[in-house]
Novice: 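Quick one: this structure, given as structure tokens, is what I'll be asking you about.
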Protein chains: 2
Amino acid sequence: MAKRDGSSTLTENVTKKLRSDILSGQYEPGSPLTVSELAKGFDVSVAVVRESLTRLATQGLVLQNPNHGFSVKTASEEELNNIIQARSINESEALRLSIAHGDLTWESNVIAAHHKLSQTPEFKEANRTLAVREEWSDIHRQFHYELIAACPNPVLLDICRRLWDLSEFYRHYSTPRQQVRDGRAEHKALTDAVLSRDGDRAVEIFQAHIRLTADILFDNR
Amino acid sequence: MAKRDGSSTLTENVTKKLRSDILSGQYEPGSPLTVSELAKGFDVSVAVVRESLTRLATQGLVLQNPNHGFSVKTASEEELNNIIQARSINESEALRLSIAHGDLTWESNVIAAHHKLSQTPEFKEANRTLAVREEWSDIHRQFHYELIAACPNPVLLDICRRLWDLSEFYRHYSTPRQQVRDGRAEHKALTDAVLSRDGDRAVEIFQAHIRLTADILFDNR
DNA sequence: ATATTAACAATAATCGATTTTGTAAATATG
DNA sequence: CATATTTACAAAATCGATTATTGTTAATAT
């Protein structure tokens with residue numbers, strides 16, 4: 001690191017890397033994030049790391065405890081349920097608005113995103129590297145984001161983005177067995193409902209979809 | 001400032017002061033927030049101010065432009081409408097959940113908060129000082145927060161809190177004439193609906209309430 | 001043996017200074 | 001005279017070091 005990369009700032013790069021490390025499960029939930037250690041690891045000053053951690057803390061991925069520094073956010077079934085509920089509320093509404101406002105270009109983007117997702121293997125085969133799983137995660141996120149992308153309310157979209165990060169955090173702390181579920185059929189049904197502009201049906205499918213995600217993660221039968 | 005106040009950290013104090021200054025309209029929307037100047041004003045180092053501004057930027061009250069520093073968030077009618085819509089979505093649901101889960105203590109708190117609000121003058125008389133208006137703002141906020149306080153989902157409550165800040169930002173950039181509206185009757189009706197545990201009616205009143213807020217601020221019609 | 005205080009080490013918070021970047025004035029070039 | 005290049009300056013970003021806080025261990029007292 002050390003020198004600024006392109007036009008962006010050091011803090012931006014470190015923040016991006018840290019967020020992705022946290023979301024991909026590189027740190028245990030609750031484990032301390034020592035500013036000086038991270039600074040050494042990234043080869044930057046403490047100010048840069050501190051600013052990065054401050055950003056992530058405000059977004060909820062990192063916990064800040066005055067005079068006790070930073071730590072990775074903790075995980076609990078209760079919190080996941082709360083995140084899912086918040087996602088359900090906001091993303092459902094964004095989905096409705098997106099369906100109501102989307103134009104032809106948006107339709108095409110939805111189809112493209114779904115096609116890409118449907119052709120990308122998730123966890124079926126064993127010996128998947130971390131990189132492969134990260135790639136699937138990105139494509140999955142992109143698919144869900146395309147669905148609501150035509151929502152004309154950026155404030156609402158921003159809330160959805162943040163909630164996605166929070167729920168993404170949990171994906172990586174599930175046991176391998178829990179990864180077997182294949183949402184392929186659900187994604188297909190969701191895409192069909194969206195493209196036929198059926199808001200009610202799309203929301204219904206979507207809510208079942210994320211509810212199931214939570215159930216599987218914590219194995220609620 | 002200079003020395004740490006109580007058990008809290010310098011950054012926390014500066015952040016609190018800055019947020020309150022921004023929300024009470026001390027700075028023009030879009031005006032630059034120069035780190036070194038603020039540091040001089042608060043008598044702290046630039047690191048403290050920078051961390052404060054970073055926090056506020058992540059919350060949306062401050063804009064950060066890489067290599068161009070920070071500025072106060074800008075204001076537009078369109079954005080206010082988006083904020084109001086997001087508030088409507090989230091606060092309505094929080095209100096329903098709160099009504100469904102609230103206990104006797106919560107009821108008492110709602111009654112107390114409403115009483116306090118109803119007995120506090122807003123803008124009727126002229127020559128109101130800034131401090132008086134700030135006091136009303138706090139009490140008003142407290143009232144609305146009590147209504148949803150029994151909502152068992154902290155993630156949702158956090159979203160509501162942030163959205164409140166964003167919409168509070170607009171209250172202070174309205175012309176004096178727009179301040180005359182008296183929400184007293186609406187607050188009373190809302191309180192009654194909440195206490196009678198009528199979720200549908202409460203949500204209905206609430207949505208009309210905040211919609212009207214937006215209309216008045218930008219004088220729609 | 002337990003409680004209290006003192007000294008220490010680790011890390012967080014804060015600082016003042018240095019480097020980098022963006023902008024605008026000044027100068028040069030065609 | 002218009003455009004390009006250089007220079008100078010202000011502010012942002014980053015750094016390395018200093019100071020403060022907290023938790024822990026050793027020493028002392030009860």
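Letters A, B, ... are given to chains in the order of the sequence lines, protein chains preceding strands, and every chain is numbered from 1.
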Novice: Give the rounded distance in Å between these two atoms: NE2 of B:H68 and C1' of D:dA12.
Specialist: 10 Å
Novice: Angle between ring planes, B:W164 versus B:H144, binned at 30° and 60°: parallel, tilted or perpendicular?
Specialist: tilted
Novice: Hey, does the side chain of A:S45 come within less than 4.0 Å of D:dT14's phosphate (OP1/OP2), counting only N and O?
Specialist: no
Novice: Check whether the side chains of B:S71 and B:N65 place a donor and an acceptor atom closer than 3.5 Å, and report yes or no.
Specialist: no
Novice: Rounded to the Å, how far apart are B:Q64 CD and C:dT21 C1'?
Specialist: 15 Å
Novice: Measure CD/A:E51 against C1'/D:dT14 and give the value in whole Å, please.
Specialist: 10 Å
Novice: Decide salt bridge (Lys or Arg N to Asp or Glu O under 4.0 Å) for B:K17 and B:D21; before the verdict, give the C-alpha distance in whole Å, the side-chain angles of both, and the deciding distance to 0.1 Å.
Specialist: CA-CA 6 Å; B:K17 178 77 170 97; B:D21 281 353; 2.9 Å; yes
Novice: Taking DNA chain D as the partner, which of residues 29-41 of chain B come within under 4.0 angstrom of it by heavy atom?
Specialist: B:T34, B:V35
Novice: With a 4.5 Å heavy-atom cut-off, do A:V62 and A:L18 have their side chains touching?
Specialist: no
Novice: Provide, to the nearest angstrom, the distance between the CD atom belonging to A:E12 and the P atom belonging to D:dT14.
Specialist: 9 Å
Novice: For residues B:Q207 and B:S92, is any side-chain donor paired with an opposing acceptor at under 3.5 Å?
Specialist: yes
Novice: Check this one for me: any side-chain N or O of B:T9 less than 4.0 Å away from OP1 or OP2 of C:dA12?
Specialist: no
Novice: Rounding to a whole Å, what distance do you find between B:L10:CG and C:dA12:P?
Specialist: 17 Å
Novice: I want to verify a distance call: between D:dT21, D:dT14, C:dG22, whose nearest atom is closest to the B:N67 side chain?
Specialist: C:dG22
Novice: Between A:T11 and A:V46, name the one whose nearest nucleotide on DNA chain D is closer to the 5' end.
Specialist: A:T11
Novice: Decide side chain to side chain contact (heavy atoms under 4.5 Å, CB included) for A:E78 and A:N81; before the verdict, give the C-alpha distance in whole Å, the side-chain angles of both, and the deciding distance to 0.1 Å.
Specialist: CA-CA 5 Å; A:E78 191 189 349; A:N81 285 325; 5.7 Å; no
Novice: Can you measure B:D43 atom CG to C:dT14 atom P for me and round it to whole angstrom units?
Specialist: 13 Å
Novice: Partners of A:T15 by side-chain hydrogen bond (donor to acceptor under 3.5 Å, both in side chains), sequence neighbours excluded?
Specialist: A:S52
Novice: Starting at CZ of B:F70 and ending at P of C:dG22, how long is that distance when rounded to a whole Å?
Specialist: 15 Å
Novice: For A:A47 and A:G69, take the nucleotide of DNA chain C holding the closest heavy atom to each; which residue's nucleotide lies nearer the 5' end?
Specialist: A:G69
